[in-house]
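Read the structure below first, then the notes.
Residue numbers begin at 1 in each chain, while the letters A, B, ... track the order of the sequences. None of the values given here were measured: they were computed from a predicted structure.
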2 protein chains.
Amino acid sequence: MADLRRTGGETLLFLTDAQLRKGIEAMFFAYRGFTADPDRILERFGYGRAHHRAIHFINRSPGLNVNTLLTILGITKQSLNRVLRTLIEDGMVESRVGTRDRRERHLHLTERGAALEGDLSIAQQARMRDAFRRAGPDAVAGFRAVLEEMMDPELRRYFDADTGGET
Amino acid sequence: MADLRRTGGETLLFLTDAQLRKGIEAMFFAYRGFTADPDRILERFGYGRAHHRAIHFINRSPGLNVNTLLTILGITKQSLNRVLRTLIEDGMVESRVGTRDRRERHLHLTERGAALEGDLSIAQQARMRDAFRRAGPDAVAGFRAVLEEMMDPELRRYFDADTGGET
DNA sequence: TTGGAATGTCAACGAGGCTGACATAAACTG
DNA sequence: CAGTTTATGTCAGCCTCGTTGACATTCCAA
């Protein structure tokens, strides 16, 4: 696998172009697999990945406001608004006026929305769980470490500062 | 990191929903980082990710035919054709009629196309190389193992049957 | 010689990004 | 209190890149 060169007492990772290219293609192909299962469910509702992402992060942080979600998703408010509007119309998401600051809208999943989120999670987690099981615990730790190093610093800070804590 | 439970002599990976959710978000955030640098270059040419993907795989396998590229990319020929047409018009890609089977078109990068591919590769590989270095060789092996397990079987077969061989 | 495969093209459509401009309400500030 | 800033929503229009359907061309192979 990874080629180790010992150079003056220091262990270095020797990365050929071919190895890096394989890493790049692995990301591309794996991401396809990663989204394939939820995509099939979303299709039944006329939703796309944008809806999935919104639902995911609203479920992760109930009551988060629109601006925060905008930052997480890295899209414009116009794009998010289109998605959010359909989710609210469909009774998947509820938008509550803030109590402390009444300009803010706090987003929550409705019962229907939570049910859809559950279906999407089950599908996506199933593939990841299988992949984790087959690859083994050490591989999972490495997977997570590399992905984290690949994030933009701002997003990584958000990612690390999670509510869950475990991992 | 990964929680290990010893159960009747068998070591199992105990994967909580929260751990899987973190894995899912890691994929999402990391993929953003993964595409960010090439995207900036592509913008200067008026190209998108579809152009990048075509250029990448033509560079990887010079002379591959349109149908093979279609399978790799997982899109329709109409979508690919639009991208390919602009790349050919711009003198980035050359489409040569097949010798054995003259219905086939074999795709090659021109000098300009190869130069652009080089720029894109350098940008994307730089981030991956840094991530690999910071995470360490064991993590890289794990990263690759998990991603491979996440691919759809057909694509994984293609991925594994690589020309490069190493890693 | 005919059927089917590989490729290309045209048209239309939809999702989901983008920018710019503008409206509204609420909060903050002097 | 007046003016500014912030948070959000909305309208219009644009682009990329996916989709389907229909159809032409070329050429291999039975």
Review point. So, for B:Phe29 and A:Phe57, is the gap between ring centers shorter than 6.0 Å?
Key: yes
Practice item. Please tell me if the side chains of A:Leu107 and A:Thr68 come closer than 4.5 Å, counting only heavy atoms from C-beta onward. Key: no
Exercise for review: Send over the distance from B:Glu89 CD to C:dG8 P, rounded to a whole Å.
Suggested key: 13 Å
Check your understanding: When clusters are formed by joining ILVMFWY residues with side-chain heavy atoms under 4.5 Å apart, either directly or through shared neighbours, do A:Phe45 and A:Ile55 land in the same one?
Key -> yes
Study note, to complete from the structure: Note: for B:Gln78 and B:Asn65 on DNA chain C, the residue whose nearest nucleotide lies more 5' is B:Asn65
Review point. Within a reach of under 6.0 Å around CZ of B:Arg134, are more than 12 heavy atoms found that belong to other residues, nucleotides or ligands?
Key: yes
Practice item. Could you check how far CG of B:Leu69 sits from P of C:dG8, rounded to whole Å? Key: 11 Å
Practice item. With the side chain counted from C-beta on, respond yes when A:His56 and B:Ile24 share a heavy-atom pair under 4.5 Å apart, and no when they do not. Key: yes
Review point. Charged N to carboxylate O under 4.0 angstrom, B:Arg40 versus B:Asp119?
Key: no
Revision key, fill the gap. To the nearest angstrom, the CG-C1' distance between B:Leu42 and C:dG17 comes to 15 Å
Check your understanding: Should A:Asn67 be listed as having a side-chain N or O under 4.0 Å from OP1 or OP2 of D:dT6?
Key -> no
**Study point:** Nucleotide C:dG8, atom C1' - distance to CG of B:Leu107 in whole Å
**Key:** 13 Å
Review point. Rounding to a whole Å, what distance do you find between A:Arg85:CZ and C:dA15:C1'?
Key: 14 Å
Point to revise | Pairwise side-chain contact, B:Leu109 with B:Val93, heavy-atom cut-off 4.5 Å (strictly under) | key: yes
Check your understanding: In terms of heavy-atom contacts, does CD of B:Glu89 have more than 12 from other residues, nucleotides or ligands at under 6.0 Å?
Key -> yes
Exercise for review: Would you kindly give the CG-to-P distance between A:Leu64 and D:dT8, to the nearest whole Å?
Suggested key: 10 Å
Study note, to complete from the structure: Per-nucleotide protein contact along nucleotides 23-30 of chain D, 5' to 3', at a 4.0 Å heavy-atom cut-off (B base, S sugar-phosphate only, - neither), is ---BBS--
Check your understanding: In whole Å, what is the span from the CG atom of A:Asn81 to the P atom of C:dC22?
Key -> 19 Å
Practice item. Round to the nearest Å and state the distance from A:Leu70 atom CG to C:dG17 atom P. Key: 11 Å
Review point. Do NZ/NE/NH1/NH2 and the carboxylate oxygens of B:Arg127 and A:Glu149 come within less than 4.0 Å?
Key: no
Would you tabulate the nitrogen or oxygen pairs shorter than 3.5 Å linking the protein to nucleotides 16-18 of chain D?
residue : atom : partner : partner atom : Å
D:dC17  : OP1  : B:Gly48 : N            : 3.3
D:dC17  : OP1  : B:Arg49 : N            : 2.8
D:dC17  : OP1  : B:Ala50 : N            : 3.4
D:dC17  : OP2  : B:His51 : ND1          : 3.1
D:dG18  : OP1  : B:Arg53 : NH2          : 2.4
D:dG18  : N7   : B:Arg82 : NH2          : 2.4
D:dG18  : O6   : B:Arg82 : NH1          : 3.2

